[in-house]
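Every chain is numbered from 1 and lettered A, B, ... according to where its sequence line falls, protein lines coming before strand lines. Side-chain atoms are counted along with the backbone in the values below, which use heavy atoms only and exclude waters and symmetry mates. Remember, predicted model here, so these are calculated numbers, not experimental data.
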Number of protein chains: 2
Amino acid sequence: MLKITRKVEYALIALRHLQQNERGKLCSAKTLSTEYGIPKELLAKILQKLSKENIILSVKGPKGGYKISKDSNTINMTKFFEIMEGPMGIVDCYFDSNCEQLSGCTIREPINRINNSIRSMFDKMTLADITFK
Amino acid sequence: MLKITRKVEYALIALRHLQQNERGKLCSAKTLSTEYGIPKELLAKILQKLSKENIILSVKGPKGGYKISKDSNTINMTKFFEIMEGPMGIVDCYFDSNCEQLSGCTIREPINRINNSIRSMFDKMTLADITFK
DNA sequence: TATAATACGATGATTTTAGTCGTATATAAC
DNA sequence: GTTATATACGACTAAAATCATCGTATTATA
């Protein structure tokens, strides 16, 4: 419980690498995959998602690959997690609420408070805090 | 990702009920189960665990059941989560580390910082914050 | 002695997460 | 223009975690 997924982990590893890479230099999914022992196809899809969201930039063809984009610094961790995994909340009932507590949920408020605390914590944390420091 | 489990959810609902119950009055697993629409056997096991950890007190036999213990106020959420689910961390490599990053994990430190932030947040939060307020 | 409760381990089902495969598209180099 | 190497993307399979059930033992009340 309260875990981040491998997808997020892999994304952070890749982003850190690209972030610290020489400016403008491209790095392919294959390179990253072999360097960090991450399944290639899986990493590829992760990089594609990051690219789609303009966190990284992609170049196709031989000698192609990815590099970090300027946007990456401005993104906070809440947004990053939601890009990678969809809506973030410690319980599901915030998004797809088909929860059927017979007599009304008694822990909604306290759960809400926990949730807000976590979100506000990640709001204040930028992607660069993870990929640089 | 970053979700609490149903087990924890059910525990909190049950604890809140017991907390707000008349002092000394017992409440059975069956009662709680039907009142909140929680699978009986599952809830039973959760209550047994809480009892084993002295968060609640159990009485066997007909007219038996559970009631809140005094200890429950002194427990923080980090401890509570760990009682319910074992070691708490946003990644596994803190406990059973058989992680095989070929060239050393590059995100260990930042992940650590996130982890500490979450833990310290839950350290400051008591079970009573959830079951009372 | 029958009944209603907790105690607990084993097993099965479901859901989520992780990983793979196949195919299309773009582009550099020859 | 053909080949090789890269990204793009959707469908599928595998593995793991979570959720739930079952069976049986124990305890204590009436």
So CG of B/Leu2 and CG of A/Leu2: to nearest 0.5 Å the spacing works out to 6.5 Å
If you restrict it to nitrogen or oxygen atoms, what contacts under 3.5 Å exist between nucleotides 17-23 of chain D and the protein, and what is each distance?
unit_1: D/dT18; atom_1: OP1; unit_2: A/Met1; atom_2: N; d: 3.4
unit_1: D/dC19; atom_1: OP1; unit_2: B/Arg6; atom_2: N; d: 3.0
unit_1: D/dC19; atom_1: OP2; unit_2: B/Arg6; atom_2: N; d: 3.2
unit_1: D/dA20; atom_1: OP2; unit_2: B/Tyr10; atom_2: OH; d: 3.0
unit_1: D/dT21; atom_1: O4; unit_2: B/Lys45; atom_2: NZ; d: 3.3

Gap between atoms CD and C1', on B/Gln48 and D/dT27 respectively (whole Å): 13 Å
A/Lys67 has an atom NZ; how far is it from atom C1' of D/dA6, in whole Å? 16 Å
Let me confirm one number: the NZ-CD1 distance from A/Lys7 to A/Ile46, rounded to the nearest 0.5 Å. 7.5 Å
Which ones in residues 51-61 of chain A lie close to DNA chain D, meaning a heavy atom under 4.0 Å from one of its atoms? A/Ser51, A/Ser58, A/Val59, A/Lys60, A/Gly61
From NZ of A/Lys30 over to C1' of D/dA6, roughly how many Å is that when rounded to an integer? 10 Å
Starting from P on D/dG10, measure out to NZ on A/Lys49 and report it in whole angstrom. 11 Å
If I take atom CG in residue A/Leu26 and atom P in nucleotide C/dA28, what distance separates them, rounded to the nearest angstrom? 11 Å
Can B/Arg119 and B/Glu82 be counted as an ion pair, charged N to O under 4.0 angstrom? yes
Sugar-phosphate only, base, or nothing, as touched by B/Ala29 at under 4.0 Å among non-hydrogen atoms: sugar-phosphate
Output the distance between atom CD1 (B/Ile107) and atom CD (A/Glu9), rounded to the nearest 0.5 Å. 5.0 Å
How about B/Ile111 and B/Ile90: do any of their side-chain heavy atoms sit closer than 4.5 Å? yes
B/Val59: hydrophobic cluster co-members (side-chain, 4.5 Å): B/Leu26
d(CG, B/Leu43; P, C/dC8) in whole Å: 16 Å
Value for OG1 (A/Thr126) from CG (A/Asn76), rounded to nearest 0.5 Å, stands at 8.5 Å
Just how far is it from atom NZ of B/Lys45 to atom NZ of B/Lys49, taken to the nearest 0.5 Å? 8.5 Å
